[in-house]
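Before any comments, here is the structure.
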Amino acid sequence: ETIAAQIAAGEVVERPASVAKELVENALDAGARRIVVEVRGGGLREIRVQDDGCGISAEEVELAFARHATSKLHSADDLWAIRTLGFRGEALPSIASVAQVICVTRVADAELGVELRIAGGEVQSRLPCGCPAGTTITVRNLFYNTPVRREYLRSEATETGAISAIVQQYALAYPEVSFSLVIDGRLAFQTTGDGDLRAVVVELYGLAVGRALLPVQAEVGDGELWVAVNGLISPPDLTRSSRSYLSFFANRRALQPRGALAAVVENAYHTMLMKGRFPIAIIDLRVHPAAIDVNVHPTKSEVKFRYPAHVHSVLGQAI
Ligand code: ADP
Ligand code: MG
């Protein structure tokens, strides 16, 4: 079972940033309003994600670390209308099979919380504890028992940068949630969670960029053809030499800033752009839940639209 979990872990947990992504998604699924991410040693030494979400009951905390135990899907039909970020029940067991994990959690109506310790997939202890409502998951010494995986990682700075990029993505996707990122004990950024996307952009990219961005907005169609676009995009004189300032979200899921959607944005911009320059853009797409398939890859950073040409044309026109 441990080996099966380690193999699954290879798909879900490629690097420290994948751990951060899964833990942040769980916090969001738990309805958190405030999420604090702390990273040490490029995320290999420690990644801690603290949330004020619904918590996990003492009876269910071990189950949360069992393979394919998800509280989020109730029938096969739900796969076609996924509203949560997680649904496979693979992340926590995968992470726990390749690290030392401490989960401290309490549901609001329980007097005491619980602290569960797992290392290399084995439960070490489960004790009652006093703690705030919500969940804190600490992941230490990632890949300590899979040295080959550890070998393949890039520098600490690269891994920290990848984690920072993930947390920034979610801060942009969820302006109504407060995100803090602490790197080696220093606060890197903190968003207020007051719902203002432009304020998030100011915190992450600076005041000048935040002020300059223009709104992008459209809402078209009904039922499965409903598409809503919301976001901010830079004017043509404000471009960047890399795509790392392009953020796309589909039904609140962060997507890779490449592929068809990036092409739509860049084409809409084309006449004004010099080669190798990219707009700064944060694009939030919403479609009917039945018109999107997120079940493409375990790390879920790709989606399939049921009507891609329609989505692309609404986005292109909005820009
Ligand atoms: P999935 O997100 O696909 O359901 P995970 O392995 O990521 O699978 O998590 C397993 C389960 O543990 C979740 O379905 C949820 O019930 C619970 N869980 C994980 N993280 C949290 C959290 N931060 N707050 C509340 N519940 C959580
Ligand atoms: Mg999850």
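Atoms within a ligand are numbered from 1 in the order they appear, just like the ligands themselves. What's counted below: heavy atoms across the whole structure, side chains too, no hydrogens, waters or symmetry copies.
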Under the side chain to side chain contact (heavy atoms under 4.5 Å, CB included) test, residues paired with V202 that sit two or more places apart: L207
Ring-face cation contact, Y245 with R240, 6.0 Å cut, 45° max: yes
Atom indices of ligand 1 within 4.0 angstrom of L92 heavy atoms, with elements: 5 (P), 6 (O), 9 (O), 12 (O), 19 (C)
Within residues 195-213 or reaching into it, pairs that qualify as salt bridge (Lys or Arg N to Asp or Glu O under 4.0 Å) - sequence neighbours excluded: none
Any N or O of I137 closer than 3.5 Å to N or O of ligand 1: no
Test item: Q124 and Q100 side chains (from C-beta on) under 4.5 Å apart, heavy atoms: no
Which segment of P93 sits under 4.0 Å of ligand 1 when only heavy atoms are counted: side chain
Side chain, backbone, both or neither: the part of E90 lying under 4.0 Å from ligand 1 by heavy atom: backbone
Atom indices of ligand 1, in the order listed, that fall short of 4.0 Å to a heavy atom of G55: 25 (C)
R252 NZ/CZ over Y174 ring centroid, <6.0 Å and within 45° of normal: yes
Proximal atoms of ligand 1 relative to A91 (non-hydrogen, under 4.0 Å): 6 (O), 7 (O)
Greater than 12 external heavy atoms within 6.0 Å of D194's CG: yes
Check: I56 N/O within less than 3.5 Å of ligand 1 N/O: no
Under-4.0 Å heavy-atom contact with ligand 1, by part of A30 that carries it: side chain
Within reach of ligand 1, part of D51 (heavy-atom separation under 4.0 Å): side chain
Heteroatom distance test (D29, ligand 1): nitrogen or oxygen, under 3.5 angstrom: no
Candidates L172, V37, V49 - the one meeting side chain to side chain contact (heavy atoms under 4.5 Å, CB included) with V167: V37
